[in-house]
Amino acid sequence: EHQKYIRNFSIVAHIDHGKSTLADRILELTDTIDKHDMKSQVLDDMDLERERGITIRLNAVELKYHADDGHTYTFHLIDTPGHVDFSYEVSRSLAACEGAVLVVDASQGVQAQTLANVYLAIDDDLEIVPVINKIDLPSAQPEKVKSEIQDVIGLDTSDAVMASAKKGIGIKDLLEQIVHKIPAPSGNLRDPLKALIFDAKYDDYQGVVLSVRLYEGTVKPGDRIKLMNNGSEYNVVSVGVNSPHPIEKDYLMSGDVGYITASIKDIRTTRVGDTITCVDNPAEKELPGYREMKPMVYAGLYPTNNEDFGDLRDSLSKLQLNDSALEFEPETSQALGFGFRCGFLGMLHMDVVQERLERDFGMQLIITAPSVTYRVDTTDNKVISVQNPSEMPDVSTIKDVKEPFVKATIMTPNDYVGAVMRLCQHRRGQFETMEYLDKYRVNVIYDMPLSEIIYDFFDNLKSSTHGYASLDYQLEDYRASDLVKIDILLNGQKIDALSFISHRSFANSRSRVIVKKLKDLIPRKNFEIPIQAAIGSKIIARTNIKAYRKDVTGPLYGGDQTRKDKLLNKQKAGKKRMKAVGKVDVPQSAFMAILKTD
Ligand code: GDP
Ligand code: MG
């Protein structure tokens, strides 16, 4: 039977442990990609992924493997991102698989996201094939890492694959283990169609392209399908697989991973996690969908040009198709005009959305500083959820303000426990517990305000542990904190998009830092611009931007025209990401300045 020779698996790992490189080697060894088309991390096909050297989006490819048992197997390999912001993508890929290849760096050992990702796979009952990678490194300690995986995770590692994705060692062994350890998909060809949508993207010609995993039945062009979530119906135009470029097929059947197009132009009907069935012979029940991901941080996105509001809405809808963790709804700012309040999983997610909007959709944006969601108990016994600091109600009507806390798990070598604890305490962390994983490594667990870790906590953690600590966190609950809203006034005018919320004990020091930063970032005018920070009507920090007297090229002496041109061009480029607020020009960088904590 067809299914007997199918294997669906994901590769999971902590970031940088070598998933994408391993995927490259697998594609090579199975001749899926011509040698001369091969570039490294070939599945990271977004420009952004290639530039940053990270995997952001999941990717599914079909490949053929001629196994030692003489049979040819069809593998569906799904590469996944490792960063904490994108764990959502990981759980989506796992839902389409029977097995997971767990990659662990032989010099680094088990890290925070190794655990987080492998637990997702274990929760989904996937068969796990451990791979110890980078055994070529002089600092590799494969035996130690093997026993670590066994001790910490509880996986049998006696025949773990010893690999170097870089040097191409162990790849054949891995492919054989995939054949023998990972079960073939089950499911019946004759049952009503059940296909899980695990990804989607918009194509101008084909409409929505759905990435699907078939659990039951078959699907072919001409079939009338139904999206079970909202009942919308379509005629299938084409089906196929990615290998890694799309290849059309006559049909897909249960066990397959591929794509379906059906001239779906209304993107709102498509939801990742939904089940597709056939209208003629419909399934009774949907497949279990996904855990809904809740955004952790919110920020305002505004077109630099007000006329682009409609374009921005279209672009966000298209982006949301294959980034279902992205949320957005319209909002208005006195300072910035019409825009959207958008929800993100974290700062990296926010960066990626912003960059994709700018590159793929040609938008020019101002993005405001991200904020967590606060819950306010009011004196008239209402609970208000505040995603935008400027919407914090008046102090006189507030009973208390609660903020989200996360359980942060920091895995660190013994030597850095002190440094980690100091950092967490400085960020208002509440110590929970400490677990020794082995003689050298500790899990330090803190309850921390989400607002204190979303921005630069990870960078600080890395630098205070020489890069050795890793972080994972999960939303825990909402807790009351002594929080205040701070407004920023430019030229006497309150700028709503610059308001922020701070713990009272940091309010003065942060405000002083921020007004000073703004002073450096906001361009001078021919009048003096006062910058003030205020709690209610009380000014807590202030400074002035002096008026300029000469023209901008003034400071350059002599007639060096090229230098003058350079300066003027630089100013022009800077203008693009600038918003005129009253008589003052506020650059993009100013909106982020309020994140600077020290
Ligand atoms: P991912 O984040 O898990 O997808 O990791 P990548 O595949 O992007 O690899 C991260 C870095 O590790 C890259 O610089 C790779 O060249 C390097 N790398 C991957 N596998 C090996 C290996 O087996 N040996 C060595 N020495 N480096 C490797
Ligand atoms: Mg990668």
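We count ligands from 1, going down the list as the structure has it; atoms in each ligand are counted the same way. As a basis for the values below, the full set of heavy atoms in this structure was taken, side chains included, without hydrogen atoms, waters or symmetry mates.
Taking a cutoff of 4.0 Å between a charged side-chain nitrogen and a carboxylate oxygen, Glu98 and Arg213 qualify as a salt bridge.
Of the N and O atoms on the side chains of Gln150 and Thr157, at least one donor lies less than 3.5 Å from an acceptor on the other residue. No hydrogens or angles considered: nothing links the side chains of Ser470 and Gln113 as a donor-acceptor pair under 3.5 Å. Under 3.5 Å, the side chains of Thr465 and Thr412 contain no donor-acceptor pair of N or O atoms.
At a 3.5 angstrom cut-off on N or O pairs, Leu22 does not count as close to ligand 1. Considering backbone and side-chain N/O atoms, Ala165 comes within less than 3.5 Å of an N/O atom of ligand 1.
Taking CG from Asn133 and NZ from Lys167, the interatomic distance works out to 11.5 Å, rounded to the nearest 0.5 Å.
Residues satisfying the side-chain hydrogen bond (donor to acceptor under 3.5 Å, both in side chains) test with Thr74, not counting sequence neighbours, are Lys64.
Residue Lys134 holds the heavy atom nearest to atom 18 (N) of ligand 1 of all those in Lys134, Lys167, Arg25.
The parts of Lys19 lying near ligand 1 are both backbone and side chain, judged by heavy-atom distances below 4.0 Å. Contacts between Thr21 and ligand 1, counted as non-hydrogen atom pairs separated by less than 4.0 Å, involve both the backbone and the side chain.
Which parts of ligand 1 touch Gly18 is read off a 4.0 Å heavy-atom cut-off, strictly below it: atoms 1 (P), 3 (O), 5 (O), 6 (P), 7 (O), 9 (O), 19 (C). Each of the following atoms of ligand 1 lies closer than 4.0 Å to a heavy atom of Asn133: 20 (N), 21 (C), 23 (O). Annotation for ligand 1: atoms under 4.0 Å from non-hydrogen atoms of Leu137 are 26 (N). Residue contact check: Asp16 has heavy atoms under 4.0 Å from atoms 1 (P), 2 (O), 3 (O), 5 (O), 10 (C), 12 (O) of ligand 1.
Sparse packing is recorded around NZ of Lys166, with 12 or fewer heavy atoms of other residues, nucleotides or ligands lying under 6.0 Å away.
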